[in-house]
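Structure, as structure tokens:
First the proteins, then the strands, lettered A, B, ... as listed; each starts at 1.
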2 protein chains.
Amino acid sequence: MASIKDVAAAAGVSVATVSRVLNDHPSVSDDARARVLAAVQELGYRPNAVARSLRTDQTRTLGLVISDVLNPYFTELARSVEEEARAHGYSVIIGNADERPELQDHHVRTLLDRRIDGLLVSPTDGGSPLMLDAARAGTPMVFVDRWIPGVDVPVVRSDGRAAVRDLVAHLHGLGHRRLAIIAGPAATTTGSERVEAFREAMAEYGLPLPDAYIGQGDFQAESGRRATERFLDLAEPPEVVFAADNLMALGALDAIRARGLRVPEDIALAAFDDIRWFVHTDPPITAVAQPTGELGRAAVRALVDRIEGRPPQSVTLPARLVVRRSCGEPASQEQTSQEPTSQEPSPVTNRSQS
Amino acid sequence: MASIKDVAAAAGVSVATVSRVLNDHPSVSDDARARVLAAVQELGYRPNAVARSLRTDQTRTLGLVISDVLNPYFTELARSVEEEARAHGYSVIIGNADERPELQDHHVRTLLDRRIDGLLVSPTDGGSPLMLDAARAGTPMVFVDRWIPGVDVPVVRSDGRAAVRDLVAHLHGLGHRRLAIIAGPAATTTGSERVEAFREAMAEYGLPLPDAYIGQGDFQAESGRRATERFLDLAEPPEVVFAADNLMALGALDAIRARGLRVPEDIALAAFDDIRWFVHTDPPITAVAQPTGELGRAAVRALVDRIEGRPPQSVTLPARLVVRRSCGEPASQEQTSQEPTSQEPSPVTNRSQS
DNA sequence: CTGAAAGCGCTTACAG
DNA sequence: CTGAAAGCGCTTACAG
């Protein structure tokens, strides 16, 4: 592969001049510029980004460590992150932690070794030593979606509290009293916050949340299935299962169906995170929708600010409730005003007041 | 950030010795090794992968350019690719082309500039000059899923011909005669091959495939919606719509539903590519399932073979038909023998013989 | 077993 | 405007 030396030789100039032309440095004669460009063209020369990075100490690359690529929420987040990063002249390398802390650490380490300019993380756990060290060592970092308390790193996330309150109001309005939740790992903020929001909202209605109605999941489908089976085995099973993410809702659906039960007649189902398929599931699933694309973009902006020496900002965006039929509401205007063609699910918000 | 010099100084040895210790070179005294390791520990030293790559001319990195991250098929492919690559000591950088040739070229260029050791591509088009040049220039490359004819690059893909024949047999058996397809871009192999397989299978049953029954899509949801609307506007609409991927099936569902029609009573639906949600859609969708994980792993193996100087092998794996209720078959044993807990959809194959 | 030195492909003061 | 030279952080023959 042709190097800058080859180009310099072909153009009859020094490598310094070639470099200047390539980097749009102003002090280059038109003649030299033309000859260099011609040589570049002829040799099909492409600068070696590795060498450039070593010299400039910047890679123009962002690392993104997400908890699970198979989760459509993160996949959409990753897409918006890449898009915004590209607009700022950065590329992004994605690491998939698969909800496993060791794998997360593996990716963080690899990314750091590659000297990425900044790191976007949605932590799978409460913070490994590696992660904490990285933050303390001053690696430009931003948390997205999930975060680690006590670490001085900007957080870009959405607040589902109001939407969860709306959900409980909706469920209560439909006459449901025994509500259960499948939580994510307590070590993650989204794992604990969603349970807390749920518990608080229920308290407003004087509803208890017994331990038996709190299933412990890990944000993946299989755990949702297991937790749901346990609920169904209870002497008094819940009337509603609220899954803290869409994959656990999938597992719940599997479990419910395996018993030959119907949603919502036999048991109602709701989920955190909205995905396009929820419109077409049987029945369509009521969900809390996050402004995923906006979260990804805001996270990149914060990180780029941090990298380029501007003060980064934490951002919290509201989530909203999308009512469908999985909790028992009769088909209403919500069902018809969908926009099936939009990129993001853009469903109707139903903010029942409590 | 500590460099190898700092470690050498702290350990009282030369950088060469530090390097040897780090690379497990045998000729290092136990004493020197211990001192180096201690210094590494103390300084929290991590080798700079950028510098190492520049020196060794290898990045231990694979590039993966996929057509669309939002498509669960590719997301699963990406996951298995990363897993297998990691097992071989490589990391992978994913580029999402979003089905746009320019974006695909952008990623290929960026990856090449980063001097990745090899490239895995599922081409969005028939082959841009850049892609063809890269292949000719000897960049280790392997095509996955889609490929570009006439280029000397190994191909790892699945053959859906038999499964599509099974699908047509299934449809014919249910009494359907007017079958339509929503195709992908003709410039992609999967775009044209799936139509051809469908056409051939139909011919075996003496069924015509009129142009009006071939919808032109681009593998994304919106195009599936538009194509379906066009079908429904026909004086004689088809009885079945076969979408060449799962996203276009989603769009088709949107369109069918927007007209207030029912599946399969008013119109039947089938899709290429099986996803877990298809079990829970209304109705469950009959689909052609690819051995996605195996494709990803085989592709990595071929590429690593190529990189490390062994002769790479092209691989073709069969796809299989998964019958569900979206084409009108009465619920049968297929419905109950699901394995809802498996990672990959592991549905029952129904190979009706023609 | 160990170190001095060259060199990977760039960029960028510095001098002219 | 231009080039010679230093240097980014490593690895690896070469000599000892």
Side-chain angles (χ1 to χ4, degrees), chain A residues 1-40 43-61 89 109-117 137, chain B residues 1-40 43-61 89 109-117 137:
Chain A
M1 187 153 271
S3 83
I4 195 170
K5 272 189 201 168
D6 303 315
V7 177
V13 297
S14 72
V15 295
T17 298
V18 175
S19 178
R20 289 195 188 95
V21 171
L22 263 22
N23 292 291
D24 283 320
H25 190 98
S27 44
V28 180
S29 68
D30 289 350
D31 177 53
R33 182 181 313 278
R35 295 220 306 283
V36 167
L37 261 17
V40 165
L43 298 173
Y45 171 72
R46 294 250 87 214
N48 183 328
V50 176
R52 173 179 292 177
S53 292
L54 179 59
R55 181 53 231 246
T56 61
D57 200 34
Q58 51 170 5
T59 51
R60 297 251 94 192
T61 302
R109 198 172 295 115
T110 305
L111 258 10
L112 256 23
D113 286 356
R114 286 166 176 282
R115 301 302 192 262
I116 45 140
D117 293 338
Chain B
M1 185 151 273
S3 83
I4 195 171
K5 270 190 203 167
D6 303 314
V7 177
V13 298
S14 72
V15 295
T17 298
V18 176
S19 178
R20 289 197 189 93
V21 171
L22 265 22
N23 292 292
D24 284 319
H25 189 97
S27 41
V28 180
S29 67
D30 289 349
D31 176 55
R33 184 183 310 280
R35 296 219 307 284
V36 168
L37 260 18
V40 164
L43 298 174
Y45 171 71
R46 293 250 86 214
N48 183 327
V50 176
R52 173 179 292 178
S53 292
L54 179 60
R55 179 54 230 245
T56 61
D57 200 34
Q58 51 169 4
T59 51
R60 297 249 96 194
T61 302
R109 199 174 292 113
T110 305
L111 292 167
L112 256 22
D113 286 355
R114 285 167 177 282
R115 301 303 192 261
I116 45 141
D117 294 338

Show the nearest heavy-atom pair for residues A/Ala8 and A/Ser14, with the distance to one decimal.
CB-C, 3.8 Å
5' precedence on DNA chain C between A/Ala16 and B/Ser14 (nearest-nucleotide basis)
B/Ser14
Whichever of A/Ser19 and B/Arg55 has the more 5' nearest nucleotide on DNA chain C, that residue is B/Arg55
So [X], base contact, sugar-phosphate only, or nothing? Heavy-atom distance under 4.0 Å.
X	value
A/Asp57	nothing
B/Val50	nothing
A/Thr56	sugar-phosphate

Decide, yes or no, whether a salt bridge links B/Arg35 with B/Asp31 under the criterion of side-chain N to carboxylate O below 4.0 Å.
yes
Is a donor on one side and an acceptor on the other found under 3.5 Å between the side chain of A/Asn23 and the backbone of A/His25?
no
Just by distance, do the side chain of B/Ser19 and the backbone of B/Val15 share a donor-acceptor pair under 3.5 Å?
no
Distance in Å, [X] [atom1] paired with [Y] [atom2], rounded so as to fall on 0.5 Å steps:
X	Y	atom1	atom2	value
B/Arg114	A/Ser53	CZ	OG	7.0 Å
A/Leu37	A/Leu22	CG	CG	8.0 Å
A/Thr59	A/Ile116	OG1	CD1	7.0 Å
B/Asp57	B/Arg115	CG	CZ	8.5 Å
A/Leu54	B/Arg55	CG	CZ	12.5 Å
B/Asp113	A/Arg46	CG	CZ	4.5 Å

Could you check whether any side-chain heavy atom of A/Asn48 comes within less than 4.5 Å of a side-chain heavy atom of A/Met1, counting everything from C-beta outward?
no
Stem ranges for DNA chain C, with three or more consecutive Watson-Crick or G-U pairs under 3.5 Å?
C:1-3 with D:14-16, C:5-12 with D:5-12, C:14-16 with D:1-3
Specify the residues of residues 21-34 of chain A, ordered by number, for which at least one heavy atom lies under 4.0 angstrom from an atom of DNA chain C.
A/Asn23
Can you give me the first and the last nucleotide of DNA chain D (5' to 3') that has an atom within less than 4.0 angstrom of a non-hydrogen atom in chain A?
D/dC1 to D/dG9
